[in-house]
Amino acid sequence: MNCSKISYCISEYIDNRLDVSTKRIVDNHLKKCKKCRSLYEEMLELRGLFMVKAYERPKAEYFENLKSNIKRRILSCNVVSLKDRFFNALSTPSIALSACLAVALIASITVNVMFYDKIQQNIQTAGENLKNNITQLASEKSDSNIYSNPQNFNRNLLRPANISGSYMITPITVRDVQAKRAKIYY
Amino acid sequence: MALLDDEKKIIKECQRGNAESFYILLDRYKERVYSLAYQMIGDHTSADDVTQEVFIRAYKGLPKFMGKCSFFTWLYRITINCSYRYLRKNMTFLKKVTNEIDPAMYLDERLKHKFSVNSPYKTLEMKETMEVLSQSIDKLPVKHKTVLVMFEFQGLSIQDISEILKTSPGTVKSRLHHARLKVRNSMIDVLNYDKNKKRFSKKNAVNYN
Ligand SMILES: [Zn+2]
């Protein structure tokens with residue numbers, strides 16, 4: 001074995017990892033070669049220094065502080081992880097689907113509750129309009145009644161007299177009723 | 001390294017969301033994680049930051065921990081990754097900061113005693129020697145440094161290191177050797193200081209006799 005190979009073996013030699021035969025070869029080489037021997041001695045000294053440095057450590061009380069810092073951060077971590085867990089659960093398809101359905105249900109309920117009055121009002125006004133229209137339609141059919149009943153003169157249904165001097169009835173379109181319906185249901 | 005039996009239980013508890021069980025692991029490994037981070041980065045405040053980061057990551061990542069390796073291997077892997085990231089991000093800051101002797105660090109009293117009585121380094125100031133050693137280690141390429149720190153300072157086996165770094169034992173051995181060689185080369189004067197001095201004093205002794 002040449003010096004460069006021996007030099008590579010010296011670490012193994014120091015750490016006692018060589019098999020018996022290789023150890024013997026290195027031993028014999030170290031006896032003969034001054035250069036490799038000094039490398040071996042220096043490496044051995046260096047290991048002593050490493051051992052000393054390995055004993056460098058902070059005082060025990062230092063770790064109490066570190067520990068409490070870590071504990072505090074873990075506690076705040078837990079709050080976050082609850083949030084995480086919630087959103088992680090949402091990534092499961094079945095849970096996500098039911099969550100969506102629940103949200104939709106809640107939304108529709110709140111809309112119904114919050115706008116209950118308005119919707120009812122709309123339905124009522126639509127109903128009244130319908131009623132009016134129907135009565136108007138009915139009165140349209142019996143023109144004679146309008147003229148004969150003096151109360152009907154107060155109603156705005158009657159326009160001022162035209163050239164011929166007779167009263168005309170305001171035309172009523174059923175389309176209006178449908179428009180009201182459209183507003184409520186769509 | 002296989003997962004330890006009691007840790008298997010503890011980890012299961014943690015995965016159920018029991019933070020108290022995690023504190024057992026925190027107590028068990030905080031000093032090791034801290035010292036590894038410190039040895040990798042060479043700065044006290046940075047090591048503190050990294051240690052906190054490591055345990056927070058471990059806590060968050062524990063639900064995904066499958067127990068294919070020991071908890072310790074897994075935790076060390078996180079520590080190394082966090083240290084690398086920290087080194088990359090704070091390169092310029094750390095260049096100014098490293099090699100300052102940290103007031104929080106101290107040498108084990110027994111060892112200090114041993115060091116001053118039996119060691120051949122007593123002729124040099126111990127503190128000075130240690131400073132030169134730290135500087136030499138800091139100059140190492142980060143991969144060499146990692147292996148050296150884990151083997152020499154953390155006392156891990158070649159097998160453990162190769163598991164943590166996910167490389168072959170052969171690679172670990174070769175990195176260790178090159179790391180030692182580099183440190184030896186940059187410390188050669190310090191290493192031979194004592195030898196020369198010893199030789200000198202021996203000659204003197206002979207002369208006096
Ligand atoms: Zn040789």
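Residue numbering restarts at 1 for every chain, and letters A, B, ... go by the order of the sequence lines.
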* Asked: Are side-chain N/O atoms of A:His29 and A:Tyr40 paired as donor and acceptor at under 3.5 Å?
  -> no

* Asked: Is it the case that B:Ser35 and B:Gln154 place a side-chain donor and acceptor less than 3.5 Å from each other?
  -> yes

* Taking the side chain as every heavy atom from C-beta outward, state whether B:Met130 and B:Leu133 have any atom pair closer than 4.5 Å. => yes

* Asked: So do A:Met43 and B:His177 actually touch side chain to side chain, heavy atoms under 4.5 Å?
  -> yes

* Checking heavy atoms, do the side chain of B:Thr51, its backbone, both or neither come under 4.5 Å from chain A? -> both

* **Proximal component of B:Ile137, with respect to chain A [non-hydrogen, under 4.5 Å]** => side chain

* What residue in B:Phe22, B:Phe151, B:Phe55, B:Phe153 has the most heavy-atom pairs under 4.5 Å with chain A? -> B:Phe153

* Determine the option with the most heavy-atom pairs under 4.5 angstrom with chain A, choosing from B:Gly155, B:Ala19, B:Ser174. => B:Ser174

* Segment of A:Asp15 engaging chain B (4.5 angstrom heavy-atom cut-off) -> side chain

* If you draw the axis of the six-membered ring of B:Tyr23, does the NZ or CZ of A:Lys71 fall within 45° of it and under 6.0 Å from the ring centre? -> yes

